[in-house]
Amino acid sequence: MNKFFLNLGKQPLANNYFNFYKKKQTKYNLNLFFNTKNKIISISKRIPSKKMFTKNYPYRSSMSRTMRNSFYKLSLEIKKKFNPNKILEIGSNDGALIKNFNKKKVIGIEPCDNLAKITSKKGILTYNNYWNFSLAQKLRKKHGKIDLIYSANTLTHISNLNDVFKSISYLLSENGIMIIEDPSLLECIKKNSYDQFYNEHIYLFSALSVKNLMNKFNFEIFDIKNLSTHGGSLRYFIKRKKNKSFKISKDVKKQINKEIKYGLHKFQTYKNFSKNVQKSKNRLLQILNKIKKNNKKIIGYGATAKSVTVLNYCNIDKDLISNFIDTTPEKINNFMPGKNIKILKYNKKILDKYDFAFLGAWNFKDEIFDKEKNFLKKGGRFIIHVPYPKIIK
Ligand code: TMP
């Protein structure tokens with residue numbers, strides 16, 4: 001049974017940046033539910049993928065040093081531990097992971113035309129498609145079974161999880177490995193980072209829910225890693241149950257126990273989360289309004305999809321945050337969905353014109369603080385809303 005626990009208000013499509021001031025924008029209710037049986041968290045409104053994953057999708061994995069490093073390190077681990085003949089990546093984005101392998105060994109699947117083009121241009125075989133069973137059939141006919149299937153921050157974007165894993169199971173070789181990574185529900189609840197939810201993020205996984213899900217397809221998690229990316233993610237290493245070539249790491253049980261200890265299996269935990277989210281909204285608005293009263297200027301740092309949730313849930317307009325800055329070409333000179341705050345091109349000096357920077361890309365805090373030492377030295381301040389809204393000196 002799905003039980004409702006949080007309403008994040010009316011939200012526009014998070015990655016739908018317009019290049020003009022668009023007064024009337026379509027918004028959808030963002031309601032969160034807990035499934036008492038399989039422990040999955042999901043949103044109720046399902047937007048057709050074609051509306052979200054467009055020809056000009058504005059998110060590029062390679063835009064941050066943190067993500068580039070994370071993928072590079074994983075590529076070394078894959079080569080050393082599994083040494084696969086063929087690697088398939090579902091949602092290969094701009095090739096941030098697969099570019100680290102021999103081109104002949106990798107296949108990318110990417111529904112967004114602009115991103116698929118970037119990887120194709122690098123000479124990497126990329127199918128400009130959505131992941132589904134008919135594609136898996138086509139691939140098996142053409143390339144045979146695949147011994148390593150990887151997917152980061154993608155499977156939670158696909159509504160039909162049964163089709164996702166049925167297709168993976170069809171294409172994966174008998175001793176094949178699946179590696180998936182996505183934001184961790186435990187970290188989200190701990191950090192009160194409600195901005196992990198937007199229309200694209202249909203599900204938020206935990207080890208508990210992935211274990212239940214894998215059971216249905218005769219898969220099991222044999223190893224798990226906590227990552228710092230995206231505000232805290234989990235990387236699941238998965239095999240078929242009948243494949244005995246890998247021992248089940250103690251870390252799997254450890255993670256599940258941690259999640260149970262924190263109450264991820266109980267509805268009450270999500271009701272508490274919901275109350276904390278409301279408090280976070282009130283506190284953030286207090287901070288921003290006080291700064292405005294003192295006639296100080298605030299810029300948003302990182303025009304993230306997460307910020308779209310925060311702006312629209314807290315009703316933050318450009319009288320509070322006058323602009324955003326970002327490095328992504330697809331976002332520059334466009335407007336934050338739902339709130340029409342203009343996104344400016346990042347340059348080293350731009351922060352000098354502002355007193356405060358709201359850290360929209362809080363998940364890259366270390367990388368950004370390192371880059372913006374001068375802003376801090378000159379008296380600039382960051383505002384961060386996780387785990388609770390505060391000003392950082
Ligand atoms: P994400 O939180 O969804 O990964 O998005 C991060 C956004 O922040 C992305 O649009 C790139 C942007 N960004 C900057 O503009 N400057 C930076 O230094 C970093 C790390 C990210």
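Residue numbers run from 1 in the order of the sequence given. Every number for a ligand or one of its atoms is a count from 1 in the order of the listing.
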With heavy atoms and a 4.0 Å threshold, my read on which part of K331 contacts ligand 1 is side chain
Open item on the list: For F273, does the six-membered ring have the charged nitrogen or CZ of K271 within the cation-pi criterion, i.e. under 6.0 angstrom from the centroid and within 45° of the normal?
Closed with: no
Requested in this report: Assess M67 for proximity to ligand 1: is some non-hydrogen atom of it under 4.0 Å away?
Outcome: no
- Residues K225, E77: salt bridge by 4.0 Å N-O rule: yes
For H230, the atoms of ligand 1 under 4.0 Å from one of its heavy atoms are 4 (O)
Under 4.0 Å between heavy atoms, the region of T66 that gets near ligand 1 turns out to be neither
of all protein heavy atoms, closest to atom 15 (O) of ligand 1 is T327 N, 3.0 Å
If we number the atoms of ligand 1 from 1 as shown, the ones under 4.0 Å from a heavy atom of A361 are 8 (O)
For K306, the ligand 1 atoms with a heavy-atom partner under 4.0 Å come out as 1 (P), 2 (O), 3 (O)
Exercise. Report yes or no: is the cationic atom of K281 (NZ for Lys, CZ for Arg) closer than 6.0 Å to the six-membered ring centre of Y313, at no more than 45° off its axis?
Key: yes
Going by the 4.0 angstrom heavy-atom rule, the piece of T328 near ligand 1 is side chain
Tell me whether E220 is salt-bridged to R240, with the criterion being a basic N under 4.0 Å from an acidic carboxylate O. no
Atom 7 (C) of ligand 1: closest protein heavy atom, distance to 0.1 Å, is T304 CG2, 3.6 Å
Residue pair F324 / K339, side-chain heavy-atom distance below 4.5 Å: no
Of K371, E372, M63, the one whose closest heavy atom lies nearest atom 16 (N) of ligand 1 is K371
Taking the six-membered ring of F101 as reference, does the cationic atom of K79 (NZ for Lys, CZ for Arg) lie under 6.0 Å from its centre and within 45° of its axis? yes
For I368, the ligand 1 atoms with a heavy-atom partner under 4.0 Å come out as 18 (O)
| said: Students often mix this up, so state it plainly: with edges at 30° and 60°, are the rings of F205 and Y203 parallel, tilted or perpendicular? | reply: parallel
| Is the Y59 ring parallel, tilted or perpendicular to the H230 ring (thresholds 30°, 60°)? | tilted
**Prompt:** Hey, are R381 and D355 close enough for a salt bridge, meaning a charged N less than 4.0 Å from a carboxylate O?
**Reply:** no
Practice prompt. Examine S64 against ligand 1 and note whether any of their N/O atoms are separated by less than 3.5 Å.
Written response: no
Ranked by distance from atom 21 (C) of ligand 1, the top protein heavy atom is F364 CD1, 4.2 Å
heavy-atom search around atom 4 (O) of ligand 1 in the protein gives Y59 OH, 2.9 Å
_Is the positively charged end of R283 above the ring of Y388, judged by distance under 6.0 angstrom from the centroid and angle within 45° of the axis?_
no
At under 4.0 Å between heavy atoms, what of N363 touches ligand 1? The answer is side chain
Within 45° cone and under 6.0 Å: K81 NZ/CZ vs F237 ring:
yes
Any N or O of D326 that comes nearer than 3.5 Å to an N or O of ligand 1?
yes
Quick note on ligand 1: atoms under 4.0 Å from a heavy atom of G302 include exactly 8 (O)
